[in-house]
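One structure is given here, and the rest of the page talks about it.
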Amino acid sequence: MAQIKIAPSVLASDFGRLADEIQAVDRAGCDWIHLDVMDGHFVPNLTFGPPVIQAVRGATDKVFDAHLMVSNPDRLLEVYAKAGADVITVHAEVCDHLDRTLAQIRDLGCKAGVSLNPHFSEECLRYVLDRIDLVLVMSVNPGFGGQSFIPTVVDKIARIHHMLDGRDVEIEVDGGITAETAPAVVAAGATVLVAGSAVFKGGTESAYRANMDAIRQAVGAL
Ligand code: DX5
Ligand code: ZN
């Protein structure tokens with residue numbers, strides 16, 4: 001089986017102690033740090049932006065995986081890159097010039113990701129296959145943590161896996177991922193699992209380690 005990465009979503013962490021929480025999941029053995037940027041426009045919720053990402057960049061060497069749930073990602077791509085994002089993922093639904101946006105992300109020295117909401121077809125990926133390093137499949141409607149996994153995305157993941165045809169592109173799944181839902185998405189081809197509530201429940205480093213181990217065990221990666 002391909003190596004599975006776990007990317008805890010800090011949305012479920014204690015924002016009052018964000019740097020400490022990032023260090024705790026780092027020590028507990030996470031692979032990436034998933035940063036959910038919300039603008040109150042594309043999604044109803046608001047979280048944080050480049051200044052906060054920059055403020056916690058020094059807390060860890062792990063990959064910063066920035067998920068931009070924003071309506072106008074183009075105008076701030078450089079700012080996110082300078083703040084320390086390693087992966088920048090934009091939503092296909094809001095990019096009028098997706099090909100150009102992805103090229104810009106790579107020009108900034110970052111990995112380029114495309115995210116698809118649960119209702120959105122994967123067909124647009126066919127035309128940018130050589131521009132992407134990651135596809136982020138939303139398995140809930142974005143905006144909030146702690147929602148239930150939408151099972152119809154499993155077939156979508158399998159179709160994307162087939163479309164990628166062996167390319168070196170990660171398939172990341174985000175929303176409602178737990179030890180119960182992870183096996184189906186990994187079987188369909190997912191390689192990066194974002195998990196907020198399922199990782200941060202318990203509130204301690206040892207709980208985070210146990211929570212991530214439970215997910216890894218469920219997908220046969222432990
Ligand atoms: C949802 C975010 C997710 C969210 C996942 O808009 O993109 O990353 O934090 O949270 P859980 O794992 O609790 O569904
Ligand atoms: Zn996310």
Side-chain angles (χ1 to χ4, degrees), residues 4-15 18 21-22 25 28 30-49 52-53 56 62-71 73 80 85-94 105 110-120 133-154 156-157 170-186 190-203 207-208 210-216 218-219:
I4 301 300
K5 297 183 182 72
I6 296 189
S9 163
V10 300
L11 189 60
S13 74
D14 178 352
F15 276 3
L18 186 54
E21 291 276 68
I22 287 172
V25 281
C30 75
D31 296 286
W32 292 358
I33 303 290
H34 186 79
L35 299 162
D36 282 310
V37 177
M38 301 185 187
D39 67 349
H41 186 266
F42 175 60
V43 292
N45 205 355
L46 273 167
T47 53
F48 51 79
V52 172
I53 294 174
V56 294
K62 301 276 175 178
V63 165
F64 265 14
D65 175 31
H67 176 193
L68 304 190
M69 286 164 274
V70 304
S71 292
Y80 284 102
D86 298 297
V87 181
I88 297 180
T89 296
V90 294
H91 268 263
E93 299 88 353
V94 292
I105 294 171
C110 297
K111 302 274 191 196
V114 180
S115 186
L116 307 173
N117 275 337
H119 76 281
F120 203 76
D133 302 293
L134 178 145
V135 179
L136 173 51
V137 179
M138 288 308 302
S139 40
V140 297
N141 293 292
F144 301 96
Q147 304 181 79
S148 297
F149 179 81
I150 298 173
T152 50
V153 303
V154 174
K156 185 197 270 188
I157 294 164
E170 305 275 12
I171 301 180
E172 183 174 40
V173 186
D174 185 3
I177 294 296
T178 64
E180 286 70 45
T181 56
V185 301
V186 169
T191 55
V192 185
L193 302 175
V194 176
S197 328
V199 168
F200 283 99
K201 70 183 177 196
Y208 305 162
N211 295 338
M212 287 190 279
D213 283 354
I215 295 172
R216 290 201 179 97
V219 301

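Just so you know, ligand 1 is whichever comes first in the structure, and atom 1 is the first atom listed for that ligand. From a predicted model like this one, the values you see are computed outputs, not experimental measurements.
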Residues His34 and Asp36: side-chain donor-acceptor under 3.5 angstrom: yes

Could you please compute the angle at the Zn ion (ligand 2) from ND1 of His67 to OD1 of Asp36, rounded to 10°? 90°

Ligand 1 and Gly196, any nitrogen or oxygen pair closer than 3.5 angstrom? yes

Show me which atoms of ligand 1 lie under 4.0 Å from any heavy atom of [X].
X	answer
Pro142	6 (O)
Gly175	14 (O)
Val194	8 (O)
Met38	6 (O)
Met69	6 (O), 7 (O)
Gly145	10 (O), 13 (O)
Asp174	2 (C), 3 (C), 4 (C), 5 (C), 7 (O), 8 (O)
His34	8 (O)

If you round to the nearest 0.5 Å, how far is CD of Glu93 from CG of Leu116? 6.5 Å

Closest approach of Ser115 to Met138 (non-hydrogen atoms, all atoms of both residues): OG-CG, 3.6 Å

What pair of heavy atoms forms the shortest contact from Ala28 to Tyr208, and how long is it? CB-CB, 3.9 Å

Does the [X] side chain pair with the main chain of [Y], one donor and one acceptor, at a distance under 3.5 Å?
X	Y	result
Thr191	Ile4	no
Asp174	Leu136	no
Asp65	Val87	no
Thr47	Met38	yes

Is the closest heavy-atom distance from Gly146 to ligand 1 below 4.0 Å? yes

Phe144 near ligand 1, heavy-atom distance under 4.0 Å? yes

Could you tell me the residue and atom name of the protein heavy atom closest to [atom], and the distance to it rounded to 0.1 Å?
atom	value
atom 6 (O) of ligand 1	Gly143 N, 2.7 Å
atom 9 (O) of ligand 1	Ser9 OG, 2.8 Å
atom 13 (O) of ligand 1	Ser197 OG, 2.4 Å

Angle between ring planes, His91 versus Phe42, binned at 30° and 60°: parallel, tilted or perpendicular? tilted

Residues Leu68, Ile88; criterion side-chain contact (heavy atoms from CB on, under 4.5 Å); working and verdict: CA-CA 7 Å; Leu68 304 190; Ile88 297 180; 3.8 Å; yes

Here the N/O/S atom of Asp174 closest to the Zn ion (ligand 2) would be OD2

If hydrogens are left out, which of Ser13, Gly176, Ala195 has an atom nearest to atom 14 (O) of ligand 1, that is, the closest non-hydrogen atom? Gly176

Short N-O contact, Glu170 and Lys111, less than 4.0 angstrom: no

